[in-house]
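Every heavy atom of this structure was used, including side-chain atoms; hydrogens, water molecules and symmetry mates were not. All ligand and atom numbering here is 1-based and tracks the order in the structure. The structure displayed is predicted, hence computed values, not measured ones.
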Amino acid sequence: MSQPSTLHDLIRTLIAANHILHHHNIVDGFGHISIRHPDSLKETYIMPGYLAPALVHCADDLIEYHISDGSPVDPNAKKGYSERFIHGEIFKRFPGINCVIHSHSEAVLPFMIAGVPMRPAFHMAGFLGTEVPMFDITKLYEPGDQQDMLVNNTKFGSALASHFASGTANLTSPLPDHLVVLMRHHGFTTLGESIQDAVYRAMYTQTNASILSTAANLRSSFHGSALLREPEAVHGSDGSGLDLLSASETAGCRNMNEATADKAFRLWVREVEVLPLYVNELAEK
Ligand SMILES: [Zn+2]
């Protein structure tokens, strides 16, 4: 996949990605996307300050943070997101990841609340893999902590980042084993080697959740109690009676997803370019 090569191009794409994620209800007034600084020697990342994603419009809206501890490079930087530690700790754990997205998607949240596993329901969501981990911050709270679900320090961020790896054998891997982690009572986080990859995964995590919810409701309505009598499933299913992607289909679709993410991204950029709500001062005229 082609990737912007200069900081200017990356920031232009980052601003566009903020608008895309808002336009498609991945984020509202909250939620955020970040990029690793392209100069690897800097060991910093860049994300919007405390500003609704739809309103991000220029480089001055962004803040650069140290990956090591989440502190701003400019000590006088404007207010930032308390949840920037989601991003910094993922960049720290996975050197091959260059973009992180955090969302409170209303389509995804019911899966954690209902205790229903997220599985790929169609070919555009093969990147979900055969397991989508769930992060439960509650287990990390200590007496006196404000239990607001926010990942607002390096301890919580590091624990979330660890959920993208399958186990200790992958501690040194530059890339994660999982591309999406659900967050109990909160939302989800995804990532990518490029902005385009991460946006694709955020978009189709939400779409997959909607399709899976519709299918589950449809099957329940149509079959009713038959679901209880026939737990054995059609191929690829997990016993729910839903016809989900099999493991081999999931792997094949993931490869296809990674080869095609940039095509959709060009459409999504154009969609927000023509809407007056979204202003990108770095956009090509
Ligand atoms: Zn959040």
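- The ring-ring contact (aromatic ring centres under 6.0 Å, His included) contacts involving residues 198-220 comprise Phe127-Tyr200, Tyr200-Tyr204, where partners must be two or more places apart or lie in separate chains.
- The closest donor-acceptor contact from the side chain of His66 to the backbone of Ser68 lies at 3.5 Å or more, if one exists at all.
- Checked by atom type and distance alone, the side chain of Asp145 pairs as donor or acceptor with a backbone atom of Glu142 at under 3.5 Å.
- Around the Zn ion (ligand 1), the protein contributes the following N, O or S atoms under 2.8 Å, ordered by chain and number: Glu83 OE1, His102 NE2, His104 NE2, His186 NE2.
- Pairs passing the salt bridge (charged side-chain N to carboxylate O under 4.0 Å, His left out) check and including a residue from residues 97-113, sequence neighbours excluded, do not occur.
- Sequence neighbours left out, the pairs with a member in residues 43-64 that pass salt bridge (charged side-chain N to carboxylate O under 4.0 Å, His left out) are Lys42-Glu64.
- Around the CD atom of Gln146, the shell of radius 6.0 Å holds no more than 12 heavy atoms that belong to other residues, nucleotides or ligands.
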